[in-house]
Protein chains: 2
Amino acid sequence: MFIKFSWLIIKATLKMNNKEIQEQLMKGYFMQATKELLKGEGLKSLNVRNIAQQAGYSFATLYNYFKDVKELVFLCVEDFQKECAAEITQKVNGIPSGPEKIKAITKAYMAYFVQYPSVFNLFFIEKLGDIGQKQPTANLIFTFLDRLTAEEWGFCRKEFNLQENEIAKAKAELNYVTAGMLLFYMNRIQPVSYIEFAQAIDIQIDAIVDRIEINKV
Amino acid sequence: MFIKFSWLIIKATLKMNNKEIQEQLMKGYFMQATKELLKGEGLKSLNVRNIAQQAGYSFATLYNYFKDVKELVFLCVEDFQKECAAEITQKVNGIPSGPEKIKAITKAYMAYFVQYPSVFNLFFIEKLGDIGQKQPTANLIFTFLDRLTAEEWGFCRKEFNLQENEIAKAKAELNYVTAGMLLFYMNRIQPVSYIEFAQAIDIQIDAIVDRIEINKV
DNA sequence: AAATTTAATGAACATTATTAATTATTTTTA
DNA sequence: TAAAAATAATTAATAATGTTCATTAAATTT
């Protein structure tokens, strides 16, 4: 009796795992399709029929795995952050730790969004709606630049003997300035050319990061 | 013959004016309706049928006066800026000219968008699309805070004998930081409470404006 | 092998922007 | 002033898209 009971549990557990694995697989297909379309055609031409076609299923199938299309799309945030982080790591590879590296990371972070406007829209513009992981997702986005530069700030803190709150202020300022600049450039084409935009980026970011050396203790 | 010819021209001109006046009236009705709905229900429930109903016409009539709904909506930008400017002027009325007034104007500017989220969306989020006045409209938005504070910066320049480029840098930084903060707060609920948001605003804006006194010549 | 559960789908519905065809109104002309 | 012409307003139809639901197909269990 005991044996049979245990056996049933094991079987149930295995089945559960299989089911979950299967579910994760299906979610993965749809997410992969979504990411490809986002990076390719962009948000304009992204719709449930497109996504499903790219994934090789019917659009109705999508709703067996996601509450709605917003949930699916926002589940891609984490993947894009990983991809972005990888690109940045590679880009700033040779630069020695210090303020210059923080600048480079921040500029590469901005460059990523310029390269993939739909990812910018996903991160900053799209309304979160009623997705389950609303606050965690928002937080993930808000803290992204902080996480990208955390290690380097730690280095600078020791190197220049900086105050914790000075660092916090600089980090916050960087986060807000980058978001604001991207917003104007991506949504309002201000400045009107990428050259000017790149120059403006240099001015703003250099100013913020260079300021920390002045505030050395 | 000459007389008749002139008469025809005059008649044509008069008719033209009447027609233009009529057209402006109709546009005004639709714009008024749009502004009311935007400030009330918000962008979510804004659609051509709503607008037309509020204006007292059919939704199809709208298309006799505007290329599309985007053109109509973006034509409201100027009016909202006037309204916002008026509110700010009244709010900072008692404050004497100087850095403190620049801070107050900038904070009132942000408060306006918090009060009317749809206006924020219209200014910063909505895609411009193919509207005729694309660049002028974008420029109007980009330079708004500059124009609101221009007079006060002029005052500070004389008072503190500031460099023109220092002012330009501070203005740009204010513009970007405010946009970024609003973007995170309105679209990503970061910080999660208005109290925290207001504190963050104070920290950022005060830091930028106070910096100019340090840079006195 | 039959019964049952699970997954996938096509058809239908709802919302919304836009266009085209039609009707109503106003203006012009003879 | 009455017919003709031009203008304005509206209704009906179209297209795109997200979502739901009843049904079919597949698999798993008994």
Side-chain angles (χ1 to χ4, degrees), chain A residues 4 7-30 33-34 37-38 41-74 126-131, chain B residues 4-5 7-30 33-34 37-38 41-74 126-132:
Chain A
K4 189 172 182 187
W7 175 236
L8 282 175
I9 287 182
I10 290 166
K11 256 179 90 178
T13 312
L14 281 174
K15 190 192 164 185
M16 190 66 146
N17 283 346
N18 275 337
K19 196 181 165 183
E20 275 172 7
I21 288 164
Q22 188 60 28
E23 194 173 318
Q24 282 313 115
L25 272 174
M26 290 296 290
K27 283 193 177 186
Y29 300 149
F30 282 108
T34 305
L37 289 173
L38 273 176
E41 298 295 306
L43 256 172
K44 296 162 288 298
S45 57
L46 189 81
N47 60 60
V48 283
R49 285 162 176 87
N50 265 338
I51 296 170
Q53 185 180 20
Q54 182 82 3
Y57 289 92
S58 155
F59 59 86
T61 309
L62 191 152
Y63 289 92
N64 295 332
Y65 296 96
F66 306 94
K67 184 182 159 296
D68 53 33
V69 71
K70 268 193 157 26
E71 177 175 313
L72 164 56
V73 167
F74 275 106
E126 278 289 295
K127 300 285 179 292
L128 286 165
D130 308 330
I131 66 168
Chain B
K4 191 173 182 186
F5 187 61
W7 175 237
L8 281 175
I9 288 181
I10 289 166
K11 258 178 93 177
T13 312
L14 281 173
K15 189 191 165 187
M16 190 66 149
N17 284 345
N18 274 336
K19 197 181 165 184
E20 273 172 7
I21 288 164
Q22 188 59 30
E23 193 173 318
Q24 282 312 114
L25 272 173
M26 290 297 291
K27 282 193 177 185
Y29 299 150
F30 281 109
T34 305
L37 290 172
L38 273 176
E41 297 296 305
L43 255 173
K44 296 162 290 295
S45 57
L46 189 80
N47 59 59
V48 282
R49 282 161 175 87
N50 265 338
I51 295 170
Q53 187 179 22
Q54 182 81 5
Y57 289 91
S58 156
F59 60 87
T61 308
L62 193 152
Y63 289 94
N64 295 332
Y65 297 96
F66 305 95
K67 184 182 160 293
D68 53 33
V69 72
K70 269 194 159 25
E71 176 176 312
L72 165 55
V73 166
F74 275 107
E126 278 288 295
K127 300 285 180 289
L128 286 166
D130 308 328
I131 65 168

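First the proteins, then the strands, lettered A, B, ... as listed; each starts at 1.
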Once you apply a heavy-atom cut-off of 4.0 Å, does B:Tyr57 come out as touching a base, just sugar-phosphate, or nothing? sugar-phosphate
Considering only heavy atoms from C-beta outward, does the side chain of B:Glu126 approach that of B:Leu43 to under 4.5 Å? yes
Rounded to the nearest 0.5 Å, what separates atom OG1 in B:Thr34 from atom CG in B:Leu72? 3.5 Å
Terminal axis angle for the helix from C:dA1-D:dT30 to C:dA30-D:dT1, five pairs an end, nearest 10 degrees: 20°
Please round to the nearest 0.5 Å and tell me the distance separating atom CG of B:Asn50 and atom CD of B:Glu41. 8.0 Å
For nucleotides 23-25 of chain D, give me every protein contact, N/O to N/O, under 3.5 Å, one pair per line with atom names.
none

If you take all heavy atoms of A:Leu46 and A:Val73, which pair is closest and at what distance? CD2-CG2, 3.9 Å
Whole angstrom value for the distance that separates P of C:dA8 from OH of A:Tyr29: 10 Å
Choosing from D:dA12, D:dT10, C:dG10, which nucleotide comes nearest the side chain of B:Phe59? D:dA12
Quick one: B:Met26 CE to D:dT7 P, roughly how many Å, whole number? 16 Å
Within the structure, does a side-chain N or O atom of B:Thr61 lie under 4.0 Å from either OP1 or OP2 of D:dT10? yes
Enumerate the residues from residues 62-70 of chain B whose closest heavy atom to DNA chain C is under 4.0 Å, giving them by residue number; use none for an empty result. B:Tyr63, B:Asp68, B:Val69
Show the atom names and distances, to 0.1 Å, of all donor-acceptor pairs under 3.5 Å that link a side chain in residues 53-63 of chain B to residues at least two apart or in another chain.
residue: B:Gln54; atom: NE2; partner: B:Glu36; partner atom: OE1; Å: 2.6
residue: B:Ser58; atom: OG; partner: B:Ala60; partner atom: N; Å: 3.1
residue: B:Thr61; atom: OG1; partner: B:Ser58; partner atom: O; Å: 3.4

Tell me, please, which residues at least two apart from B:Lys27 pass side chain to side chain contact (heavy atoms under 4.5 Å, CB included). B:Glu23, B:Gln24, B:Tyr65, B:Phe66
Test side chain to side chain contact (heavy atoms under 4.5 Å, CB included) applied to B:Lys127 - qualifying residues, sequence neighbours left out: A:Asn121, A:Ile125, A:Asn187, B:Lys70
Roughly, in whole Å, what's the span from CG in B:Leu25 to C1' in D:dT7? 16 Å
Counting only side-chain nitrogens and oxygens, does A:Ser58 get under 4.0 Å of the OP1 or OP2 atom of C:dA8? no
Using heavy atoms and a sub-4.0 Å distance, could you list which residues of residues 41-52 of chain A are near DNA chain D? By number, please. A:Leu46, A:Asn47, A:Val48, A:Arg49
